[in-house]
There are 2 protein chains.
Amino acid sequence: MLRLTKKADYGLMALKYLAEQTGGSAHSAKDIAEAYHIPPQLLAKILQTLAKGGLLVSHAGTNGGYALAKPANEITAFEVIRTIDGPLFITSCITIHGACDLTSTCTIKEPLRKVNDSIKDLLSGIYIADLVEPGDAERSKHAVGGGLVSIAL
Amino acid sequence: MLRLTKKADYGLMALKYLAEQTGGSAHSAKDIAEAYHIPPQLLAKILQTLAKGGLLVSHAGTNGGYALAKPANEITAFEVIRTIDGPLFITSCITIHGACDLTSTCTIKEPLRKVNDSIKDLLSGIYIADLVEPGDAERSKHAVGGGLVSIAL
DNA sequence: CATTCTCCGACTCATACGGTCTTCTACAGT
DNA sequence: ACTGTAGAAGACCGTATGAGTCGGAGAATG
């Protein structure tokens, strides 16, 4: 159920890595890939996608690499996942157009959309900085609704 | 992101349909499929899975079909999804064994597991009966934490 | 007993994710 | 300016899995 793609996993790992490295110097895709033992070329492609999405800035050439485009506490897990996996939704009924091909017959669309939104809020409340310091209190100021996400059908 | 399979969709729709039909008489897979315009044979297979999982009872032969094995307010969306899609998790890191192949290097596993649990709680608070009567107050007595699901990294 | 209806398991097909390879472009240091 | 390094971008392939199909087994009714 509710599978997140490996690409998004890798992307989050890479961002966390970059967030940990203090000092704005760039880190190459190869370095990050080796640190986590993931395929370098695949990670490179993911980082490219993130750069194109505006979450990373790339710097070509010797001693080049990638760096965060924004502070780690301003990048949400939701942004990362959406950038990599695209604007997919919990159910095939919910499309970018907001209507499914069975709009008239599909009667569970609305409740599921609520669930979808709740999960979206959940992920929007998680920042890269939170991944770096899991026990830190800093995050709470960003957490959505103080860490609570409501669900009402 | 976070895609739910079409099968789970269909399964939820079918359960909702059965929950709406008052009177414990059985309804054939064909009837439900026609009501929602979904491939009959595919729905049949989904219903088989649900029956095998103990959520439905099947009755073969003329005038046979399926019926809910439990009251609609005792079947959660989480049960349905897990029965159909299997015990999958939000990320490939989180397996049934609890460990990923990169246990040592993958540092974002723990936060994501929390997210995974939150989503699980979210879905566990939704009952088939809630889908039938979206505006009903009845559901609130079942809702997890009064409709709130906490997320703390 | 036989026919019809329904469930049931095995099977095929398509999509897209995961991963790789190759080529081109841009920057840094000498 | 030259060269080596590193990113950018595209095509490409294998495989896993989701979506959908087909023939058979079993049960109830007449």
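Naming: A, B, ... by sequence-line order, numbering from 1 per chain. Values reported hereafter were calculated over all heavy atoms of this structure, with side chains retained and with hydrogens, waters and symmetry mates removed.
The distance from atom CE of Met13(A) to atom C1' of dG18(C) is 13 Å, rounded to the nearest whole Å. The CG-C1' distance, from Asn63(A) to dA6(D), rounds to 10 Å in whole Å. Ile46(B) has its CD1 atom 15 Å from the C1' atom of dC7(C), to the nearest Å. Taking atom NZ on Lys30(B) and atom C1' on dT6(C), their separation rounds to 10 Å, with Å as the unit. Taking atom CD of Gln41(B) as the reference point, atom P of dC11(C) lies 16 Å away to the nearest angstrom. Protein atom CD1 of Ile84(A) is 14 Å distant from nucleotide atom C1' of dG18(C), rounded to whole Å. Between Ile32(B) atom CD1 and dT6(C) atom C1' the separation is 13 Å, expressed in whole Å. Atom OH in Tyr10(B) sits roughly 8 Å away from atom C1' in dA19(D) (whole-Å rounding).
Interface remark: the Lys7(B) side chain does not form any donor-acceptor pair with the dG18(D) base, using a distance-only criterion of under 3.5 Å. Put simply, the side chain of Thr62(A) and the base of dG4(D) share a donor and an acceptor less than 3.5 Å apart.
Across all strands, Lys45(A) comes closer than 4.0 Å to base atoms (heavy-atom distances). Here Ala29(A) lies in heavy-atom contact (under 4.0 Å) with sugar-phosphate atoms only. Residue contacts for Ala51(A): at a heavy-atom cut-off of 4.0 Å it reaches no nucleic acid atom on any strand shown.
Of the side-chain N and O atoms in His27(B), none sit less than 4.0 angstrom from OP1 or OP2 of dT6(C).
Smallest separation of non-hydrogen atoms from Leu43(B) and Ala33(B): CD2-N, 3.5 Å.
Set against dA9(D), dC27(C), dG7(D), the side chain of Ser58(A) has dG7(D) as its closest nucleotide. Picking from dA9(D), dC17(C), dC7(C) the nucleotide with the shortest atom distance to the side chain of Thr5(A) gives dC17(C). When each of dA9(D), dG9(C), dA6(D) is scored by its nearest atom to the side-chain atoms of Gln48(A), the top-ranked nucleotide is dA9(D). Checking dG20(D), dG7(D), dC7(C) against every side-chain atom of Leu42(B), the shortest atom distance belongs to dG20(D).
Between the side chain of Glu79(B) and the backbone N or O of Thr76(B), at least one donor-acceptor pair lies under 3.5 Å. Asp117(B) places no side-chain N or O within 3.5 Å of a backbone atom of Lys114(B) that could act as its donor or acceptor partner.
Mapping His59(B) and Gly64(A) onto DNA chain D via the closest heavy atom, the residue that lands nearer the 5' end is Gly64(A).
You'll find the side chain of Lys30(B) reaches within 4.5 Å of the side chain of Glu34(B), heavy atoms only.
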Report, one line per pair, each donor and acceptor closer than 3.5 Å where one atom sits in a side chain of residues 11-19 of chain B; sequence neighbours left out.
unit_1	atom_1	unit_2	atom_2	d
Lys16(B)	NZ	Thr107(A)	OG1	3.0
Lys16(B)	NZ	Glu20(B)	OE2	2.5

